[in-house]
Structures are given as structure tokens and as C-alpha cells.
Amino acid sequence: MANGTYKSKGNFSYKSLEALQEDIDKLDLGLKLSSNFDVFKNKITIGEHTIPNALATHPMEGGDSDSIGSPTDLTTRKYENMAKGGSGLIWIEAVSISEEGRSNDKQLWLKEDNWQEFKKLNDLIKASAKEAFGDDFEPITIIQLNHSGRYCKVNGKPNPIIATHKKPLDDRLGITEDYETVTDEYLDELIEKFIVAARLSKKAGFDGVDVKACHGYLLGELLSAYNREGKYGGSFENRTKIIKDIVQRIKEDQDCQGLLIAARLNVYDALPYPHGFGVSKDGSLDVDLEEPKKLIQMLSEEGVKLISLTMGNPYFIPHINKPYDMGKYTPEEEVIFSCNRLIEKVGTLQKAFPDVHLVGVGYSWFRQLAPYVAAGSLENNMCRIVGFGRESISYPDFAKDILDKGEMVSNKVCISCSKCSEMKAKIGTCGCVIRDADVYMPIYKAMNQ
Ligand SMILES: Cc1cc2nc3c(=O)[nH]c(=O)nc-3n(C[C@H](O)[C@H](O)[C@H](O)COP(=O)(O)O)c2cc1C
Ligand code: SF4
């Protein structure tokens, strides 16, 4: 059935696996279901690092740093909960590599002055996991390095730093045609800032760094800078040059030796050409994986063997990025199609790149049925690791429940209500308002007063 023509009963309403399978068949979706939860016990070895199981927490920006960008009690509490939750891969949220590149004044920011605070955070994650699961259990930690680009804010006010104009996004932000794009010199210097942050990440003890290029942030925006002039725009090689240069420099850097280099990449922006990456050039919004494949190939050749894939722009079209039941608008397409796009396309790419370990996304909406969808993906080689985003803040011990009890329980799951996203957009600080209500409901209520 064509995407968008199917109308479900509304919010997530699957009472059983059979009902979900019925819709998968009826709608001819690529989702696979399996009850073989042994696949979550798969260990993944990349170089000298071993991820002890096939479950990951996706990065979730909490906007809860102190004034100089260091983790606070709220930050450490979140990661302690995740560490005790049993995921083999803990992908730390977006951390800014520069002051002007922050998404808000409470975004984590790693620098020479505070790397010890990040070391404490990493030590806490490792120690908490060991305390919960024994000395042999050590989750792999990846820190996501980012520049927020057009979504930078200073003193609570937008301060867009753009690589190229994109009319649909510019209009939303009030960016006029004469607004200046960053210079090539700025981008040259940015490479150095990523390297400094990677060195500090290594000193702080993280196992790896994520050179983030997704969700409309600066490096993600450059992927579709078709109309930008100079060495960072135009051709595929130019648009991906900054990522390649950063990866090569980290690889060569003496102070970064042993760091696992990872990336979180958008493989579909859902914006029409020339504004979006991974989109057909015929003006439609059809997915076109030709360039994402070239990008993964290039990164793989550079030694990047752990890649988390994602889609969309959370500020513009959030349903593509995090399929929801309740949100700012009602999408044209049913939620299950949005999940299917994320899961199936990652599957296509995993099959095309057997030597790269892809982290899949799009599972939180399936609530207590998510482990079956996730097991189906792993069993069918549609990703090597399954990542959970919202679930990791609503239900941080989802991995433990899946591995020990063989289930995710319905009264702990994320209900995809978008309240955490609403908080992130309005005040920066966010968490799960529903399942972590003691802490976040008061903040949510105060925000809406
Ligand atoms: C409040 C919030 C914060 C997020 N922060 C980040 C982030 O820091 N970095 C990132 O790559 N993705 C971020 N995401 C996206 C998630 O990592 C994930 O891709 C998305 O929620 C879809 O996965 P899910 O369906 O399991 O939630 C965020 C999502 C939400 C809702
Ligand atoms: S507030 Fe909690 S339940 Fe609602 S979408 Fe966010 S994580 Fe899920």
C-alpha cells in the first residue's frame, strides 16, 4: 500500500505481535520480527574495542551543563542510569567543540579547562556498569562531537552559523538571502577544533569519538552544500571533505591513538534537492542512497567501522527523525511508515557494507514490541547494533530487561509524546517527563507557565 494512504486507528495500538505482523504484511513493509533474543548477546569487536552486546543508547542532548559546559548532577544521573541499564554501547550526546557552536548555553562543551569533568563522567559510566554487571562488563563509550551550525544559540537567542542557504530552513529561522555563510577559513579552523576535542576525549578516557554529520547541524548541512562555492561545496568530494579531513587528522594524531573513530550520519534529509542529502535529484522527496553509499564507502576506507545512521531534521520535520504519536504537527504519513523508512534503509546499507557496523534507529515507537522488531533487524542483518533514543531516557534499563527477562515492560516504555523534544526546543534542558516525572515534570510545568 502506498505510503501515506494507510490510516491506522491513531496512536500506537498494537496489542500483540500478531497484530503488528498483520500490518507489516498488509502494508508490505520491510520490518522483520523475531523472538530470538539471543541476537542481543552478540559481541562486536572493532579493532581493540569490544562492544559487549548489540544494544545501544543513542545520543540524547540533555541541555543540563553548567555555565562552562561541564556535566552537572543532572547529566551524571542520566548516564549513571544508562550505565546501570546494561547497554553495550553508550553513545554520549552532542557535545560542542567550540563556544559559538553550542546549541544553547546549557549544552555540554568539551575544552581544555574541563576535560577532567568529562573524565569523571566516563569513569562513572564504566564504574556503574561494572558495579551492576561485574568486572567483565564494560560498555563502549562514544562521545558525539558537534558544531550546531544553523541551530546555534547564544544567551538564549538564535545565532545561526550556516554553510549554505537552504530556503525552507532559512525561512523558518528568518534567515535572509544576504545572511553570510561561513568562510572556508572558518571551516579550516573548525577541523583543528575537532582535533583538539578528539584529543581531550581521549584524555578523558572515552573509547571513541563521533564526528557528527546529521540533523541539519554544520557538518550535516555541508553534505548537501551543492550550491556552496569553494573547497567545501559543490562536488561530492568537496561536500564531504571536512569529515574526511577530520577523520584523517584524528587517525594520524599521536594524542588520539587508540580512539575508535565513529560517525553519526544523515542518510536522508527529507528536503528537496538541492537542500537535502540522500534525496532524489528529480525534485521529489524520494530517498536516493547513492551519495550516502559513497560517503559510507569513503569513511570505511578511512577506517571508520562504527556508524550510526539517522535521517531528517528534528527542528523542521521531526517525524522523519523520531516517529511520534503526539507532536507539533500531524505528519502526512502514518507513524509505522516513518519507522519503516529508518529501519529498512539502514538495512539496505548494512547489507551493502558488511565490514561496517551500523547502529540502527527507529525502534522506540514500538514500545513493548520493540525487542521483537529489533531482534528481527539483527537476525536479518539489517544492522549490527540496535540503538534506542527516547527509550534510553524513559527506560534506561531496557537492555537489562531485554537480556535478563526477555521483555520490555509496557509501564516503563516511551510513549512518544514529544514532551522531551518540546523541552529541548524551548529551554534546552530536557528529560523524560512521563517516566522520570519526579525530576522533569516540575521543569516541564515551569516551562509552560
Ligand atoms: C530530546 C532529544 C534529544 C536528542 N539529542 C540528540 C543528540 O544529542 N544527538 C543525536 O545525534 N541525536 C539526538 N537525538 C535523536 C536520537 O538520538 C534518536 O535518533 C531519535 O530520538 C530517534 O530514536 P528513537 O525513536 O529511539 O527515539 C535526540 C532526540 C531527542 C528526542
Ligand atoms: S517525554 Fe518520555 S515518553 Fe515522552 S517522548 Fe520523551 S522519552 Fe518518550
Side-chain angles (χ1 to χ4, degrees), residues 11-12 55-65 75 78 82 87 89-96 102-104 107-108 142-148 151 210-217 219-220 262-267 307-315 318-328 335-336 338-339 341-343 346 359-367 370 373-374 386-396 398 408 410-437 439-441 443-444:
N11 294 351
F12 182 89
L55 289 160
T57 61
H58 275 312
M60 295 291 289
E61 202 176 317
D64 48 24
S65 82
T75 327
K78 177 172 83 180
M82 284 184 194
S87 294
L89 176 61
I90 297 189
W91 204 295
I92 316 295
E93 69 199 78
V95 173
S96 189
R102 291 172 92 186
S103 59
N104 63 69
Q107 187 192 11
L108 293 171
I142 303 287
I143 181 167
Q144 181 172 73
L145 304 180
N146 194 33
H147 181 299
S148 293
Y151 299 108
D210 161 12
V211 183
K212 178 180 187 178
C214 60
H215 301 163
Y217 297 116
L219 266 53
R264 193 158 206 220
L265 305 176
N266 251 42
V267 290
I307 302 184
S308 175
L309 298 182
T310 177
M311 294 182 180
N313 177 322
Y315 300 87
H319 76 281
I320 303 280
N321 172 257
K322 41 182 178 254
Y324 57 75
D325 280 342
M326 285 158 268
K328 282 208 282 206
V335 191
I336 198 164
S338 313
C339 296
R341 182 188 299 108
L342 287 163
I343 295 169
V346 174
V359 185
V361 68
Y363 297 89
S364 285
W365 180 74
F366 290 98
R367 293 164 167 79
V373 187
V386 171
F388 286 91
R390 289 162 293 178
E391 213 70 75
S392 72
I393 55 170
S394 61
Y395 192 166
F398 67 87
M408 274 169 72
S410 55
N411 62 358
K412 288 165 85 177
V413 294
C414 165
I415 56 164
S416 64
C417 69
S418 296
K419 286 190 166 49
C420 49
S421 304
E422 198 187 326
M423 291 177 82
K424 184 174 183 301
K426 282 193 192 157
I427 54 167
T429 304
C430 64
C432 181
V433 179
I434 307 299
R435 306 293 188 197
D436 202 359
V439 172
Y440 290 100
M441 186 57 93
I443 307 177
Y444 182 77

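As the structure lists them, so they are numbered: ligands from 1, and atoms in each ligand from 1.
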Scanning both residues in full, the closest heavy-atom pair of A262 with I142 reads CB-CG2, 4.3 Å

Inter-residue atom distance I90.CD1 - I143.CD1, 0.5 Å rounding
13.0 Å

Rounded to the nearest 0.5 Å, the NZ atom of K78 sits from the CE atom of M60 at a distance of 7.0 Å

side-chain contact (heavy atoms from CB on, under 4.5 Å) with M441: which residues, sequence neighbours excluded?
V433, A437, Y444, K445

Only residue of C417, S416, S364 satisfying side chain to side chain contact (heavy atoms under 4.5 Å, CB included) with Y324 is S416

Ignoring hydrogens and geometry beyond distance, is a side-chain donor-acceptor pair present between N313 and Y151 at under 3.5 Å?
yes

Tell me every residue that passes salt bridge (Lys or Arg N to Asp or Glu O under 4.0 Å) with E391, counting only those two or more places apart in sequence or in another chain.
none

Which protein N, O or S atoms sit under 2.8 Å from atom 4 (Fe) of ligand 2?
C417 SG

Counting N and O atoms only, with roles assigned by atom type, does the side chain of R341 sit under 3.5 Å from a partner on the main chain of C339, one being a donor and the other an acceptor?
no

Could you go through ligand 1 and note, for every N or O atom, any protein N or O atom closer than 3.5 angstrom, writing the atom names and distance to 0.1 Å, or 'none'?
from, atom 1, to, atom 2, distance (Å)
ligand 1, 5 (N), E61, N, 2.8
ligand 1, 8 (O), E61, N, 3.2
ligand 1, 8 (O), A94, N, 3.1
ligand 1, 9 (N), Q144, OE1, 2.7
ligand 1, 9 (N), K212, NZ, 3.3
ligand 1, 11 (O), Q144, OE1, 3.4
ligand 1, 11 (O), Q144, NE2, 3.0
ligand 1, 11 (O), R264, NH1, 2.8
ligand 1, 12 (N), P59, O, 3.4
ligand 1, 12 (N), R264, NH1, 3.0
ligand 1, 14 (N), P59, O, 3.4
ligand 1, 17 (O), P59, O, 2.7
ligand 1, 17 (O), R264, NH1, 2.9
ligand 1, 19 (O), R264, NH1, 3.3
ligand 1, 19 (O), R264, NH2, 2.9
ligand 1, 25 (O), R390, NH2, 2.8
ligand 1, 26 (O), S364, OG, 2.6
ligand 1, 26 (O), G389, N, 2.7
ligand 1, 27 (O), R390, N, 2.8
ligand 1, 27 (O), R390, NE, 2.7

Validation row: I393, D436 side chains within 4.5 angstrom (heavy atoms)
no

